[in-house]
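Below: the structure, in structure tokens.
Bear in mind that the values here come from a model prediction, so they are computed numbers and not experimental data. Residue numbers run from 1 in the order of the sequence given. Note that these values count all heavy atoms, side chains included, but never hydrogens, waters or copies made by symmetry.
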Amino acid sequence: MLDWPTVFRIIHVLGVVHWIGGLLFVTFVILPSLLDMEATRRLPLFDVLERRFAAQARISTLLVGISGFYMLYAYDRWAQLADPQFWWLSAMLGLWAIFIVMLFVAEPLFLHAWFDARARRDPDRAFRVALRGHRVLSTISLITVLGAVGGAHGLF
């Protein structure tokens, strides 16, 4: 029989798989593929793909946050956020916070306008900046997932 913490853990894992898996697919498959296109065609396609995934990632990150905070409460793990041995809990929370700010604050308020202005001046450079940003976030995400899975199974 399933209990609520188990249900929320399932939601959490599914949300992370969609969010981080999608980020990795965009970063390491879609964006490098777009490098083969001329810049004037690349940017409109990038914009369409990015906006579509961002809408889905907003849902995933919300589910991850709700389920993660519930599990901190249900398993009484709040104190572990301050314990260096559980660095991976803080890393998960920090990564989630970065994406929440990006998806719900930075992108809608100024990031899209900033990127569009740069893309008008130098479309190739703007795209490469976006690719670099995705690579940095993907690397941080992979380290966090490694730490979270290892930490949850007693590796640290």
Worksheet item: Would you say E38 and R41 make side-chain contact, with heavy atoms under 4.5 Å?
Response: yes
Worksheet item: In Å and rounded to the nearest 0.5 Å, what is the CH2 to CG distance from W78 to L72?
Response: 4.5 Å
Practice prompt. Treating Ile, Leu, Val, Met, Phe, Trp and Tyr as nodes and any side-chain heavy-atom pair under 4.5 angstrom as an edge, say whether W88 and I143 lie in one connected cluster.
Written response: no
Practice prompt. Find out whether Q85 and Q80 are in side-chain contact, i.e. whether some heavy atom of one side chain is under 4.5 Å from a heavy atom of the other.
Written response: no
Item to complete: Could you go through the salt bridge (charged side-chain N to carboxylate O under 4.0 Å, His left out) check for R118 and D122 one step at a time?
Response: CA-CA 6 Å; R118 283 190 77 144; D122 188 349; over 6 Å; no
Worksheet item: Is there side-chain contact between L142 and L24, with at least one heavy-atom pair below 4.5 Å?
Response: yes
Worksheet item: Is any side-chain heavy atom of R51 closer than 4.5 Å to a side-chain heavy atom of E107?
Response: no
Discussion item. Does any part of the side chain of L49, heavy atoms only, come nearer than 4.5 Å to the side chain of V26, both counted from C-beta?
Written reply: no
Worksheet item: Minimum heavy-atom separation for H153 to V149, with atom names?
Response: CD2-O, 3.0 Å
Fill in: Greater than 12 external heavy atoms within 6.0 Å of F104's CZ
yes
Worksheet entry | Aromatic ring proximity F69/W96, centre distance under 6.0 Å | yes
Worksheet item: What are the two closest heavy atoms between Q56 and H18, and how far apart are they?
Response: OE1-NE2, 2.9 Å
Discussion item. Ignoring hydrogens, what is the shortest heavy-atom contact between L103 and R58? Give both atom names and the distance.
Written reply: O-NE, 2.9 Å
Discussion item. As a quick check of understanding, evaluate side chain to side chain contact (heavy atoms under 4.5 Å, CB included) for L93 and L81, giving each step before the final call.
Written reply: CA-CA 9 Å; L93 186 57; L81 287 170; 4.3 Å; yes
Item to complete: Using distance alone, with no hydrogens and no angle criterion, decide if T27 and H134 have a side-chain donor and acceptor under 3.5 Å apart.
Response: no
Discussion item. Quick one, P123 and T40 - any side-chain contact, counting heavy atoms below 4.5 Å?
Written reply: no
Item to complete: Look at R120 together with D116 and state whether they make a salt bridge at an N to O cut-off of under 4.0 Å.
Response: no
Worksheet entry | Heavy-atom side-chain contact between S141 and L95 under 4.5 Å | yes
Worksheet item: Y70 and ring-ring contact (aromatic ring centres under 6.0 Å, His included): which partner among Y75, F8, W4?
Response: F8
Worksheet item: Shortest non-hydrogen contact from L35 to R42?
Response: O-NH2, 3.4 Å
Worksheet item: Just how far is it from atom CE of M102 to atom CG of L111, taken to the nearest 0.5 Å?
Response: 5.0 Å
Worksheet item: Would V17 end up clustered with L137 when hydrophobic side chains under 4.5 Å apart are linked, directly or stepwise?
Response: no
Discussion item. Grouping I, L, V, M, F, W and Y whenever their side-chain heavy atoms are under 4.5 Å apart, do I20 and L146 come out in a common cluster?
Written reply: no
Discussion item. If hydrophobic clusters are built by linking Ile, Leu, Val, Met, Phe, Trp and Tyr wherever their side-chain heavy atoms come under 4.5 Å apart, do L43 and V48 end up in the same one?
Written reply: no
Worksheet item: Should I140 and I100 be regarded as members of a common hydrophobic cluster, given that ILVMFWY residues are connected when their side-chain heavy atoms come within less than 4.5 Å of each other, either directly or indirectly?
Response: yes
Item to complete: Hey, could you give me the CG/CG distance between D83 and L89, rounded to the nearest 0.5 Å?
Response: 9.5 Å
Response to the item:
For S60 and W19 the tightest heavy-atom approach is CB-CB, 3.7 Å
Fill in: Verdict with supporting geometry, F53 and F25, side chain to side chain contact (heavy atoms under 4.5 Å, CB included)
CA-CA 11 Å; F53 181 66; F25 183 72; over 6 Å; no
Worksheet, complete the sentence: L31 and F127 have their tightest heavy-atom pair at O-CZ, 3.4 Å
Discussion item. A side-chain contact here means heavy atoms from C-beta on lying under 4.5 Å apart; do R9 and M71 qualify?
Written reply: yes
Discussion item. Below 30° counts as parallel, above 60° as perpendicular, anything between as tilted: where do the rings of F46 and F115 land?
Written reply: tilted
Practice prompt. Walk me through it: do D3 and T6 pass the test side chain to side chain contact (heavy atoms under 4.5 Å, CB included)?
Written response: CA-CA 5 Å; D3 58 357; T6 302; 2.4 Å; yes
